[in-house]
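Atoms within each ligand, like the ligands themselves, are counted from 1 in listed order.
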Amino acid sequence: MDTNFLQEYLADLPLGQVVFFPVLGSTNTEGKQRAEEGAPHLSLVAADEQTAGRGRMDRSWYSPTGAALAFSLVIRPDQNRAISTARLTGLGALAVCDILQSGYGLPAKIKWPNDVLVSGGKLAGVLVEAQWQGDEIHSAVLGIGINVARKSVPSQGELDFPATSVESVFEAPVDRWLLLKQVLGALLTRLPQLDQDRFIDDWQSNLAYRGKTVQILRDGAEPEIGRIQGLNHAGYLRLSSPGGEEKLFQSGDVKLRQVDRT
Ligand code: ATP
Ligand code: BTN
């Protein structure tokens with residue numbers, strides 16, 4: 001793969017700049033830099049390997065050479081479309097779910113706020129970073145990492161939550177660049193729906209552990225237990241606590257763990 005080939009391969013999608021790097025620190029860092037330099041809406045930065053891939057709270061995201069997808073899209077608001085980082089995170093996760101379900105027949109679900117699971121293993125993560133002008137988003141970078149081949153999965157000893165890859169659950173070879181094109185297509189289809197109620201409905205109906213009891217873990221706070229009810233209009237998680245009242249959680253640094261497995 002190289003930039004010219006990728007530009008041609010994705011030519012029928014209405015993207016801005018398209019650039020490909022064999023090795024890059026982080027596609028989100030490069031995307032933010034390009035956004036600051038004026039890269040147009042829907043510019044794409046993709047890399048074969050990231051040496052400093054990031055998840056939330058600067059946790060590291062493993063994307064070794066020749067095995068994973070790592071890419072970031074520059075998103076700009078316009079008069080008709082305000083953007084929120086929470087909804088963009090949902091957009092990325094939902095686009096990956098859409099394609100894994102419809103293109104590969106896989107039972108993909110979203111571990112709120114930003115991970116995609118199949119069969120209890122995490123195979124994709126989304127990281128949205130915004131550049132602010134006052135209290136408005138000037139541009140955002142929506143980054144997605146997908147474990148495609150088995151060797152993209154970090155060793156379990158390094159992980160707090162089990163990981164898997166598309167090829168492990170699909171049980172057949174998967175063309176990474178076709179998968180990239182499919183996920184980008186799903187993102188572009190969903191983007192105009194971002195501020196609609198239907199978008200929250202679709203996001204909510206793809207949540208992992210819906211109706212189940214989960215634990216919410218946050219640094220410096222006692223774990224909280226509750227049953228997942230769904231999402232509010234802002235994409236916050238609605239949990240009913242054992243006492244019966246409803247609590248809302250913003251994504252922030254929240255980790256989700258299932259408690260009952262029935
Ligand atoms: P988790 O619930 O998986 O602990 P989290 O929601 O707390 O994750 P995130 O910021 O979503 O954390 O994800 C970052 C974490 O994902 C890293 O700390 C690491 O444990 C794990 N990770 C890193 N690379 C991969 C990968 N390629 N596939 C799956 N998991 C990964
Ligand atoms: C997470 O689960 O915390 C999110 C992981 C997001 C990883 C992707 S890979 C492409 C983009 N570049 C990065 O440095 N991170 C995101």
Side-chain angles (χ1 to χ4, degrees), residues 19-21 23-35 43-75 85-86 88-93 95-96 108-130 140-169 176 179-180 183-184 187 207-209 214-219 223 237 249-259:
V19 284
F20 174 82
F21 294 84
V23 184
L24 192 63
S26 153
T27 58
N28 262 38
T29 305
E30 181 71 24
K32 282 199 288 187
Q33 172 85 31
R34 286 173 182 260
S43 289
L44 175 73
V45 177
D48 183 43
E49 175 187 356
Q50 293 183 120
T51 53
R54 287 181 283 113
R56 295 180 306 148
M57 311 305 288
D58 266 344
R59 289 191 274 263
S60 72
W61 182 262
Y62 180 65
S63 25
T65 185
L69 279 173
F71 61 95
S72 302
L73 263 188
V74 173
I75 312 275
T85 53
L88 283 176
T89 304
L91 174 72
V96 174
K109 293 278 176 200
I110 299 170
K111 179 162 91 69
W112 183 89
N114 68 325
D115 294 325
V116 178
L117 309 181
V118 174
S119 308
K122 173 157 129 185
L123 52 59
V126 178
L127 177 66
V128 174
E129 297 179 291
V141 173
L142 192 176
I144 301 185
I146 308 179
N147 300 336
V148 182
R150 290 168 199 260
K151 82 172 176 99
S152 61
V153 179
S155 59
Q156 295 297 326
E158 296 165 23
L159 299 176
D160 209 29
F161 190 90
T164 189
S165 65
V166 182
E167 287 190 349
S168 314
V169 290
R176 271 191 301 159
L179 179 60
L180 170 66
V183 172
L184 288 170
L187 272 167
L207 285 183
Y209 321 133
V214 296
Q215 219 179 13
I216 297 280
L217 307 173
R218 286 175 297 181
D219 278 351
L237 189 68
F249 293 87
Q250 266 192 66
S251 65
D253 186 24
V254 167
K255 274 182 195 260
L256 204 67
R257 293 292 181 269
Q258 188 177 5
V259 174

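For the pair Ala67 and Lys151, the tightest heavy-atom approach, listed with the atom from each and the gap, is CB-CG, 3.7 Å. Ile110 approaches Pro113 most closely through the heavy-atom pair CG2-O, 4.5 Å.
With distances taken over non-hydrogen atoms, the option nearest atom 26 (C) of ligand 1 out of Pro154, Ala163, Ser165 is Pro154. Of the listed residues (Arg56, Glu129, Gln50), the one carrying the non-hydrogen atom nearest atom 12 (N) of ligand 2 is Gln50. Counting heavy atoms only, Lys122 comes closest to atom 15 (C) of ligand 1 of the residues Lys122, Arg257, Arg56. Of the listed residues (Gly53, Gly121, Ser60), the one carrying the non-hydrogen atom nearest atom 17 (C) of ligand 1 is Ser60.
With hydrogens and angles disregarded, no donor-acceptor distance shorter than 3.5 Å links the side chain of Asn114 to the backbone of Leu127. Between the side chain of Gln156 and the backbone N or O of Ala163 there is at least one donor-acceptor pair closer than 3.5 Å.
Closest to atom 2 (O) of ligand 2 among all protein heavy atoms lies Asp115 OD1, 2.9 Å. What sits closest to atom 31 (C) of ligand 1 on the protein, heavy atoms only, is Trp61 CZ3, 3.4 Å. The protein atom (non-hydrogen) at minimum distance from atom 18 (O) of ligand 1 is Arg59 CD, 3.3 Å. Counting only heavy atoms of the protein, atom 24 (N) of ligand 1 lies nearest to Tyr62 N, 3.0 Å. The protein atom (non-hydrogen) at minimum distance from atom 8 (C) of ligand 2 is Gly145 N, 3.5 Å. Distance from atom 28 (N) of ligand 1 to its nearest protein heavy atom, with residue and atom name: Asn147 ND2, 2.9 Å. Given atom 20 (O) of ligand 1, the protein heavy atom at minimum distance is Leu159 CD2, 3.5 Å.
A salt bridge does not link Asp160 to Lys122: none of the charged side-chain nitrogens sits closer than 4.0 Å to a carboxylate oxygen.
Arg34 is not listed as a side-chain neighbour of Val141, based on a closest heavy-atom distance of 4.5 Å or more. Looking at heavy atoms from C-beta onward, Lys111 lies in side-chain contact with Arg257 at the 4.5 angstrom threshold. Counting heavy atoms from C-beta outward, Tyr209 and Val259 have side chains that stay 4.5 Å or more apart. Residues Ser152 and Ser63 form no side-chain contact, since every pair of their non-hydrogen atoms from C-beta on lies 4.5 Å or further apart. For the pair Leu91 and Leu187, the minimum side-chain heavy-atom distance is below 4.5 Å. Residues Leu256 and Leu237 meet the side-chain proximity criterion, which asks for heavy atoms closer than 4.5 Å.
Close contacts of ligand 2 with Arg54, meaning ligand atoms under 4.0 Å from a residue heavy atom, involve 5 (C), 6 (C), 7 (C), 13 (C), 14 (O), 15 (N), 16 (C). If you number the atoms of ligand 2 from 1 as listed, the ones under 4.0 Å from a heavy atom of Phe71 come out as 10 (C). Heavy-atom contacts of Asn114 reach the following atoms of ligand 1: 11 (O) (cutoff under 4.0 Å). The ligand atoms of ligand 1 that sit less than 4.0 angstrom from a heavy atom of Lys255 are 4 (O), 7 (O). Contact atoms of ligand 2 toward Gly55: 1 (C), 3 (O), 4 (C), 5 (C) (distance under 4.0 Å to a heavy atom of the residue). Contact atoms of ligand 2 toward Gly53: 14 (O) (distance under 4.0 Å to a heavy atom of the residue). Annotation for ligand 2: atoms under 4.0 Å from non-hydrogen atoms of Ile144 are 8 (C), 9 (S), 10 (C). Of all atoms in ligand 2, listed by their number and element, those nearer than 4.0 Å to a heavy atom of Asn114 are 1 (C), 2 (O), 3 (O), 4 (C). Remark: ligand 1 atoms within the under-4.0 Å shell around heavy atoms of Lys111 are 1 (P), 2 (O), 6 (O). Near Thr27, meaning under 4.0 Å from one of its heavy atoms, ligand 2 places the atoms 10 (C), 11 (C), 12 (N). Atoms of ligand 1 lying under 4.0 Å from any heavy atom of Asp160, numbered from 1 in the order shown and given with element: 4 (O).
A side-chain contact (heavy atoms from CB on, under 4.5 Å) with Phe71 holds for exactly one of Leu184, Leu142, Asn28; it is Leu184.
With a 4.0 Å heavy-atom cut-off, ligand 1 is reached by no atom of Leu123. With a 4.0 Å heavy-atom cut-off, ligand 2 is reached by the backbone of Val126 but not by any atom from C-beta on.
We find the CG-CZ distance between Asp115 and Arg56 to be 6.5 Å, quoted to the nearest 0.5 Å.
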### Query
Checking side chain to side chain contact (heavy atoms under 4.5 Å, CB included) for the pair Phe161/Leu117: CA distance, chi angles, key distance, verdict?
CA-CA 11 Å; Phe161 190 90; Leu117 309 181; 3.6 Å; yes
